[in-house]
There are 2 protein chains.
Amino acid sequence: MKEKATSFDIAYQAGVSQSTVSRALRNSPLVNAATREKIQAIAKELNYKVDKNASNLRSQQSDTIALLLFEDPTNDDSAINPFFLSMLGSITRACAQKGYDLLVSFQQASNDWHADFEDSNKADGLILLGYGDFVDFEEKLVQLTEQGTHFVRWGAEVENLPLVSIGCDNFQGGKEITEHVIAQGYNKLAFLGSASSHAPEFFERYKGHCQALTEANLAVIDSMQINALYTEDAGYKAACKLIESKQEFDAICAASDLIAIGAMRALQEHGISIPEQVAVVGFDDIAIASFTFPPLTTVKQDTKLAGELLVDSLLDLIAGESTKTTQIKPELVIRKSCGS
Amino acid sequence: MKEKATSFDIAYQAGVSQSTVSRALRNSPLVNAATREKIQAIAKELNYKVDKNASNLRSQQSDTIALLLFEDPTNDDSAINPFFLSMLGSITRACAQKGYDLLVSFQQASNDWHADFEDSNKADGLILLGYGDFVDFEEKLVQLTEQGTHFVRWGAEVENLPLVSIGCDNFQGGKEITEHVIAQGYNKLAFLGSASSHAPEFFERYKGHCQALTEANLAVIDSMQINALYTEDAGYKAACKLIESKQEFDAICAASDLIAIGAMRALQEHGISIPEQVAVVGFDDIAIASFTFPPLTTVKQDTKLAGELLVDSLLDLIAGESTKTTQIKPELVIRKSCGS
DNA sequence: CTGAAAGCGCTTACAG
DNA sequence: CTGAAAGCGCTTACAG
């Protein structure tokens, strides 16, 4: 391995000062065009790259964003939730487009994550992504805000907290899909998914669900809401519980696609046909949803748009401009798991 | 926002020198236990974090790995290949376990990527991931090697090149699944996927496929191999081409799950039943594979293991130790798309 | 066990 | 348009 060239080496070869090299390499208009070209040619020849550590140290910015992905700690070793994986993909792209590097890091909600990347100057700002018990989070988010850390998060809006969030209009999504289910002629609907402020997204979806029920003059029955968090397995178990409860139901609204897929598995094992006997709908529109049998009717959250909004908002924040919390419009995706 | 504390602030408060602070914070045994604790307490109170740019600059290492993901440029804006997304997930986890940060970056094969991250000292080493025209790559890989860059790549081994690669035994995988297809009673097999050194993984799978054919005394018919690269759409088109060619076939071996899924769509549109009239098998075992209809028989590449091997090998390289190219054993996953 | 000092490789006022 | 110099915040010989 050759020794790495520094700006001094280039300066020496070009017969100019190191300052001029630095300027030329950053296309400063303060430098003579001919000199600049000469310097850049030498830099290329020497395979010179600016040392990011040095330049970041000096300029106190890193052109890097850190993405903190919070994982369900119960879900220790299996695959990442496909929805977040998809978000990760779109955020990566959005960063690349803006010329930012992306540092990806998994976190447990319990960790000391709230004061790491930006404080250590490795990143100019943070994107927070992931489900998790929101109540546990809240305190740390407040702390982040107080420290003046630049960050945005994916998720439901939080009252009384000046956080910048990008999220889906979960209430509206939950309402629309429930309306669709009802319009298909089903009227004994169960909801699979937690409904508490610990999981605000699910809670909002549930509230939308209830609203649609009420507007259709259907009763909201507490025992028809069964807790389930995040995973296919949780959906499977919740559906089994529902079946065992002997309550009558002809439709399942799941708080996520993964839960819906687990519920479908439970129904199929019990010989219940979808959608003839029981309709199933999900939420997210992960890639898998179009390949289930029958294909899953669901609510699409546009991850591409979400990734772009997240990155754009964060960059605004870093630039000292103001941004606002934005909600993405959910979009009904009708396939075969609910009615014709 | 409070001013960020530096090691000098801590030194001042603790009544020691800045050198001692630096030592204490890195748990150097050279420092008195009581002093160390005092310093660490103050650091915590001040919310002090070591400035990574400064420490990296000084120590010339970053504890960061860069993951370069090469994308099929034809596939400009759609989702990332689910297989690579899954690899990304497992690499992220593996890095976290080793205490390394992960910088993720999308690249076009044509870019000047081969001399960026490590040379700019943002990362200690690189992981290269992605399909792409391998012939175009080769030259850059040679260059990387010459520069002494630490890197490992996911993919087929390359003859005559001293690269560290982690890959699947594609030949063996292609052979085994073809044997399975034949064992199910099919004997007019088509192969959907490119078969040239531009896509070495697919090529190896095809060679394994041919080997199995030959061992079963079945003829290898060139026109039964149809080019297709990476996407579901490519698989769809290739299958249509096969159907239009009027050749008789009773099984499709696809070079990847995505291609297989596209092929299934084409068959279904033509009213051909799977697996009764035509069997379909894939390669990769992406998450979607178990949800297709019928569920896809395929070859699993263990992405979790792959991610760990990739990271471990790279860290060995960075540490100056030797590593070797490793092949992961493919594993047959039998579902319903091929025989009972 | 501790401190004074050098230096990692840049960027950026400042002076010309 | 260019150069000499300071300094970003650490780590690490060196000396004690």
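Lettering of chains follows the sequences in order, A, B, ..., and the numbering in each one begins at 1.
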> So which nucleotide from dC10(D), dG3(C), dG7(D) ends up closest to the side chain of S17(B)?
Replying inline: dG3(C)
>> Can you tell me whether the side chain of R58(A) and the base of dG9(D) have a donor-acceptor pair closer than 3.5 Å?
In response: no
> Within this structure, what is the CG-to-C1' distance between L30(A) and dG16(C), rounded to whole angstrom?
Replying inline: 14 Å
>> Just verifying a value: how many Å separate L315(A) CG and T323(A) OG1, rounded to the nearest 0.5 Å?
In response: 9.5 Å
> What is the distance, rounded to the nearest whole Å, between atom OH of Y12(B) and atom P of dG3(C)?
Replying inline: 15 Å
>> Suppose you measure atom C1' in dT12(C) against the same atom in dG16(C); what distance do you get, rounded to whole Å?
In response: 16 Å
> Between dT2(D), dC8(D), dT12(C), which nucleotide gets closest to the side-chain atoms of R26(A)?
Replying inline: dT12(C)
> Quick one: is dG9(C) close enough that its OP1 or OP2 comes under 4.0 Å of any side-chain N or O from S7(A)?
Replying inline: no
> Picking from dT12(C), dC10(D), dA4(C), which would you name as closest to the side chain of R23(A)?
Replying inline: dT12(C)
> So, for L310(B) and R153(B), which heavy atoms are closest and what is the spacing to 0.1 Å?
Replying inline: CD1-O, 3.8 Å
> Taking all non-hydrogen atoms of both residues, which atom of E201(A) and which atom of W154(A) are closest, and how far apart?
Replying inline: OE2-O, 4.3 Å
> Whole-Å distance between dT11(C) P and D63(A) CG?
Replying inline: 12 Å
> Taking CZ from R36(B) and C1' from dT2(C), how many angstroms apart are they, rounded to a whole number?
Replying inline: 14 Å
> Considering only side-chain heavy atoms of N32(A), which listed nucleotide, dC10(D), dT2(D), dG9(D), is closest?
Replying inline: dT2(D)
>> Can you identify which nucleotide, out of dT2(C), dT2(D), dT11(D), has its nearest atom closest to the S59(B) side chain?
In response: dT11(D)
> Which base sits across from dA4(D) as a Watson-Crick or G-U pair, both distances under 3.5 Å?
Replying inline: none
> What's the NZ-C1' distance between K52(B) and dC8(D), to the nearest Å?
Replying inline: 17 Å
> Between A43(A) and L25(A), what is the shortest heavy-atom contact and its length?
Replying inline: CB-CD1, 4.1 Å
> With respect to the side chain of D51(B), which nucleotide from dT2(C), dG9(D), dG3(D) is positioned closest?
Replying inline: dG9(D)
> Just how far, in rounded Å, is P of dA4(D) from CZ of F8(A)?
Replying inline: 10 Å
> Which of the following nucleotides, dT2(C), dC8(C), dC10(D), is nearest to the side chain of T20(B)?
Replying inline: dT2(C)
>> If the cut-off is 4.0 Å, is T35(A) near the phosphate of dT2(D), judged by side-chain N/O to OP1 or OP2?
In response: yes
> Looking only at heavy atoms, what is the nearest atom pair of L314(B) and G125(B), with distance?
Replying inline: CD2-C, 3.8 Å
> Between dG9(D), dT12(D), dT11(D), which nucleotide has the shortest distance from any of its atoms to the side chain of T6(B)?
Replying inline: dG9(D)
> Between the main-chain N or O of S28(B) and the side-chain N or O of R36(B), is there a donor-acceptor pair closer than 3.5 Å?
Replying inline: yes
> Between I39(A) (CD1) and dG3(D) (C1'), how many Å, whole number?
Replying inline: 12 Å
> Does a side-chain N or O from Q60(B) land closer than 4.0 Å to OP1 or OP2 of dG9(C), or not?
Replying inline: yes
>> Without decimals, in angstroms, what is the distance between L25(A) CG and dT12(C) C1'?
In response: 15 Å
> A33(B) or N53(A): which one's nearest nucleotide on DNA chain C is closer to the 5' end?
Replying inline: A33(B)
>> Go nucleotide by nucleotide along DNA chain D from the 5' end; which of S19(B) and L57(B) gets its closest nucleotide reached first?
In response: L57(B)
>> Measuring from the side chain of Q18(B) (C-beta onward, heavy atoms only), which nucleotide among dA5(C), dT2(C), dT12(C) has the closest atom?
In response: dA5(C)
